[in-house]
Amino acid sequence: MLVAGCGEPSVSALAPAGEAASEIARITWIMIAATLLLMVVMSALGLHAVYRRSDGPVGPSPLAVILAGGVIVPTVVLLALLIFGVRSGDGMLPVGEAAVEVRVTAHQWWWQFEYRDAEGQSIFTANELHLPVGEAVDIVVESEDVIHSFWVPALGGKIDAIPGRANRIRLRPTETGQFRGQCAEFCGAQHARMAFDVQVHAVDDFHDLIADMGGLDRSNAGPTAGREAFEQHCMECHSRYTARDHEGPNLARLPERRWLGAGTVSNTSGNLREWIAGHQALKPGNRMPDHSALDDDTVEALARYLEEQ
Ligand code: HEC
Ligand SMILES: [Cu+2]
């Protein structure tokens, strides 16, 4: 458990970097402390019973045991949890207007994020979520196919992504940095490889980034050979234009991405070439059609085209 808690970027609910996550971590620690206390008291009582045994009738009557263990203790424990739970839960609700709203669409097995720039234009990123620090952000979660669950352990709780329904969760990051998000509801064979990278920026940097992305129309830029191959084999599902929604993940700013295949492999130039022709071996069953028949020159041209930003 300790080893799994390390690593970059943080995926630990016990190292909170957001308001909701801090509340959740607090309740967790209180529960752990209360459980430990209860265990010590019960062990002490047990030892006491063993070593102080007398020959006469022992212990309280069965009725007293049932009353204490079945009524009084559960009432006290549940009441205490309820009070903490309601207080913390209340603070996590999306009350009032949020500064930023991001629409999330879960797909088998990748994530699409949609922002609005200052002109109200939609901007899309894939497998990479950008947030401003210190601001209330509403995440509105939907699904394109089956039920998934949106979860960034360092920032807050989970919320289900259900087809035909928009669920809302409020996050307020308290630290800048990179965190890992993960699908938290089994959604098929590649459920474990449905991660996303969360980048929390200073507020101005966040708005600058979204504004910059709005200006990125690269659908017709880049080296000719790669562009032609892209238009022939890939464009039906992918776009390099951040203001366009597509079947597959948006591929604008691809070199900046941390992973390929939603956490399958790290994003290196070697892995990009391997992904283009061999993604079905890297992430079997993923929804991108097999391209293993592409020749090396075409793969190279495509990779160059995607790397050219
Ligand atoms: C029928 C739709 C479709 C076509 C055509 C297609 N892709 Fe994909 N592509 C996808 C889907 C869906 C994913 C997400 C797979 C996953 O991670 O589960 C994807 C993922 C990718 C990724 C990884 C992106 C990321 O952030 O993880 C790259 C790179 C990529 N495709 C490149 C290409 C290239 C190059 C071509 C053309 C040779 C191509 N794709 C053709 C649907 C398609
Ligand atoms: Cu999922």
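Note that this is a predicted model, so its numbers are computed, not measured. As the structure lists them, so they are numbered: ligands from 1, and atoms in each ligand from 1.
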Test your reading of the model: is there a side-chain donor-acceptor pair from Gln182 to the backbone of Trp151, 3.5 Å cut-off?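 Answer holds: no.
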Please confirm whether the backbone N or O of Val265 pairs with a side-chain atom of Asn271, one donor and one acceptor, at under 3.5 Å?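 No, Asn271 side chain to Val265 backbone: no donor-acceptor pair under 3.5 Å.
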Testing the 3.5 Å rule here: is there a donor-acceptor pair between the side chains of Gln178 and Asp197?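 There is such a pair between these side chains.
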Can Glu185 and Ser149 be counted as having a side-chain donor-acceptor contact under 3.5 angstrom?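 Not at all, the side chains of Glu185 and Ser149 share no donor-acceptor pair under 3.5 Å.
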Would you call [X] and [Y] a salt bridge, using N to O less than 4.0 angstrom?
| X | Y | answer |
| --- | --- | --- |
| Arg304 | Glu300 | yes |
| Glu114 | Arg116 | yes |
| Arg168 | Glu101 | yes |

Would you compute the distance between atom CD of Gln199 and atom CD of Glu256 and round it to the nearest 0.5 angstrom?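 Nearest 0.5 Å value for the CD-CD distance: 8.5 Å.
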Euclidean distance, Ile276 CD1 relative to Thr298 OG1, rounded to 0.5 Å: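 Going from the OG1 atom of Thr298 to the CD1 atom of Ile276 covers 10.0 Å.
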Check each atom of ligand 1 against the heavy atoms of [X] and keep those under 4.0 Å away; list them by number with element.
| X | result |
| --- | --- |
| Leu302 | 38 (C) |
| Ala262 | 27 (O) |
| Asn286 | 15 (C), 18 (O) |
| Leu260 | 27 (O) |

Who's the nearest protein heavy-atom neighbour of [atom], and how far?
| atom | answer |
| --- | --- |
| atom 33 (C) of ligand 1 | Met288 CE, 3.2 Å |
| atom 25 (C) of ligand 1 | Asn127 ND2, 3.6 Å |
| atom 2 (C) of ligand 1 | Cys237 SG, 1.8 Å |
| atom 28 (C) of ligand 1 | Trp275 NE1, 3.3 Å |
| atom 8 (Fe) of ligand 1 | His238 NE2, 1.9 Å |
| atom 38 (C) of ligand 1 | Cys234 SG, 2.7 Å |
| atom 5 (C) of ligand 1 | His233 O, 3.3 Å |
| atom 18 (O) of ligand 1 | Lys283 NZ, 2.9 Å |

Met31 and Leu81, any side-chain heavy atoms less than 4.5 Å apart: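 Sidechains of Met31 and Leu81: in contact.
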Just wondering, do His130 and Phe113 contact through their side chains at under 4.5 Å, heavy atoms?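 Phe113 vs His130: side chains apart.
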Backbone or side-chain N or O of [X] under 3.5 Å from ligand 1 N or O:
| X | answer |
| --- | --- |
| Arg257 | yes |
| His291 | no |
| Trp259 | no |

Give a yes/no verdict on whether any heavy atom in [X] is under 4.0 Å from an atom of ligand 1.
| X | result |
| --- | --- |
| Glu247 | no |
| Gln190 | no |
| Pro289 | yes |

Only one of Arg240, Arg257, Arg273 passes salt bridge (Lys or Arg N to Asp or Glu O under 4.0 Å) with Glu307; say which it is.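 Single pass found, and it is Arg273.
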I'd like to know: is the Cu ion (ligand 2) within the 2.8 Å range of an N/O/S atom from Met194, strictly under that distance?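 Checking Met194: at least one N, O or S atom is under 2.8 Å.
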Closest His148 atom to the Cu ion (ligand 2) [N, O or S only]: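 Relative to the Cu ion (ligand 2), the closest nitrogen, oxygen or sulfur of His148 carries the name ND1.
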Out of Asn286, Asp290, Thr264, which residue meets the side chain to side chain donor-acceptor pair (under 3.5 Å) rule with His279?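 Only one option passes, and that is Asn286.
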Examine His279 and say whether one of its N/O/S atoms is closer to atom 8 (Fe) of ligand 1 than 2.8 Å.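 So His279 does not count as coordinating atom 8 (Fe) of ligand 1.
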